[in-house]
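Heads up, the thing below is written out as structure tokens.
Indexing begins at 1, ligand by ligand and atom by atom, following the structure's order.
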Amino acid sequence: MRKPFIAGNWKMNTNSATAVALASGLVKELDSVDTVDVSVCPPFVYLQSVAAALSASNIALGAQDVFYESNGAFTGEISCEMLKDCSCSYVILGHSERRHIIGETDELINKKVKAAISGGLLPIFCVGELLEERDAGKTMEVVESQIRKGLDGLCKERVQAVTIAYEPVWAIGTGRTATPQQAQEVHAMIRGLLETLFDKNVAQAMRIQYGGSAKPSNTAELMVQPDVDGLLVGGASLKVADFSQMVKTVA
Ligand code: 13P
């Protein structure tokens with residue numbers, strides 16, 4: 001059985017006070033939950049203060065990106081070692097905002113996924129189609145290509161560090177959630193692809209999150225889908241009440 005995994009992507013939100021208040025509020029609400037893996041991913045600059053607020057809790061810390069080199073002249077970048085040093089367990093990679101606003105390519109994301117695993121981090125590897133790609137009937141093709149390229153070169157043992165997050169771009173921050181059937185259809189395709197690329201055991205063990213306007217009111221209907229193993233939550237993860245309600249619904 002795959003343990004459900006709910007992660008909060010805080011994106012470029014919070015400040016030093018509200019980040020700690022959000023983390024502390026979640027610790028209070030969620031401390032007795034042990035049937036769901038929970039993680040929050042604050043901006044880099046608040047990782048250490050959020051880590052302190054989460055210490056001795058079940059909530060894991062994640063970052064929103066990482067660079068693939070371990071140190072040196074890479075102005076503005078952050079390494080896996082630095083994230084580990086700040087108590088991070090997870091790192092979000094290939095988020096659609098980094099693909100489409102910053103211009104990250106599949107090749108760059110693949111380097112980051114491999115570096116993260118080698119560096120002892122657990123990647124949350126994001127994939128998802130644009131609205132025009134869905135409307136053109138290309139959803140499966142786009143997602144399959146992102147997964148093949150993003151996981152290229154990984155063996156069965158190493159790929160199991162990865163959580164895949166299916167985030168249809170048209171559902172992110174729009175209030176327009178994919179229907180549970182739309183999510184399940186893509187998640188099932190992804191699991192089938194993992195079986196083709198690796199094997200059945202790997203495909204059955206790996207977790208696939210859904211992301212895109214996930215909120216308390218649609219958590220249950222998404223999570224009952226057989227191949228939806230968790231959620232990557234944006235806006236609703238910035239409110240203690242909403243995010244903790246989502247985790248409790250899943251628990
Ligand atoms: P929203 O939940 O705000 O739609 O964001 C989803 C997301 O991009 C999480 O990574």
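- Close approach of ligand 1 to Ser213 is summarised as follows: ligand atoms under 4.0 Å from at least one heavy atom of the residue are 1 (P), 2 (O), 4 (O).
- Backbone and side-chain nitrogen or oxygen atoms of Lys11 are examined, and one is located within less than 3.5 angstrom of a nitrogen or oxygen of ligand 1.
- Side-chain atoms of Ser57 and Asp31 form no donor-acceptor pair, as typed in the model, at a separation below 3.5 Å.
- Close to ligand 1: Gly212, with a non-hydrogen atom less than 4.0 angstrom away.
- Residue Asn9 approaches ligand 1 through these ligand atoms, each under 4.0 Å from one of its heavy atoms: 9 (C), 10 (O).
- At least one heavy atom of Ala171 sits less than 4.0 Å from an atom of ligand 1.
- Atom NZ of Lys239 is surrounded by 12 or fewer heavy atoms from other residues, nucleotides or ligands within 6.0 Å.
- Listed by atom number, the atoms of ligand 1 under 4.0 Å from Glu167 heavy atoms are 6 (C), 7 (C), 8 (O), 9 (C), 10 (O).
- Judged purely by distance below 3.5 Å, without hydrogens or angles, the side chains of Trp170 and Glu132 never pair a donor atom with an acceptor atom.
- Using modelled atom types, one finds a donor on one side chain and an acceptor on the other under 3.5 Å when comparing Tyr166 with Glu129.
- At a threshold of 4.0 Å, the pair Asp106-Arg99 counts as salt-bridged, since one of the basic side-chain nitrogens sits closer than that to a carboxylate oxygen.
- Contacts between Lys215 and ligand 1 below 4.0 angstrom, taking non-hydrogen atoms only, are absent altogether.
- Residues forming a salt bridge (Lys or Arg N to Asp or Glu O under 4.0 Å) with Glu144 (at least two apart in sequence, or on another chain): Arg148.
- Here Leu232 has heavy atoms under 4.0 Å from ligand 1 in both its backbone and its side chain.
- For ligand 1 and Gly235, the ligand atoms under 4.0 Å from any heavy atom of the residue are 1 (P), 2 (O), 3 (O).
- Among the atoms of Gly211, none of the N or O lies under 3.5 angstrom from an N or O of ligand 1.
- Tyr90 is linked by a ring-ring contact (aromatic ring centres under 6.0 Å, His included) to Phe5, counting only residues two or more places apart in sequence or in another chain.
- Considering backbone and side-chain N/O of Val233, none are found under 3.5 Å from N/O of ligand 1.
- Between Phe67 and Phe74, the angle of the ring planes lies from 30° to 60°, which puts this pair in the tilted group.
- Nearest protein heavy-atom contact of atom 2 (O) of ligand 1 is Gly234 N, 2.9 Å.
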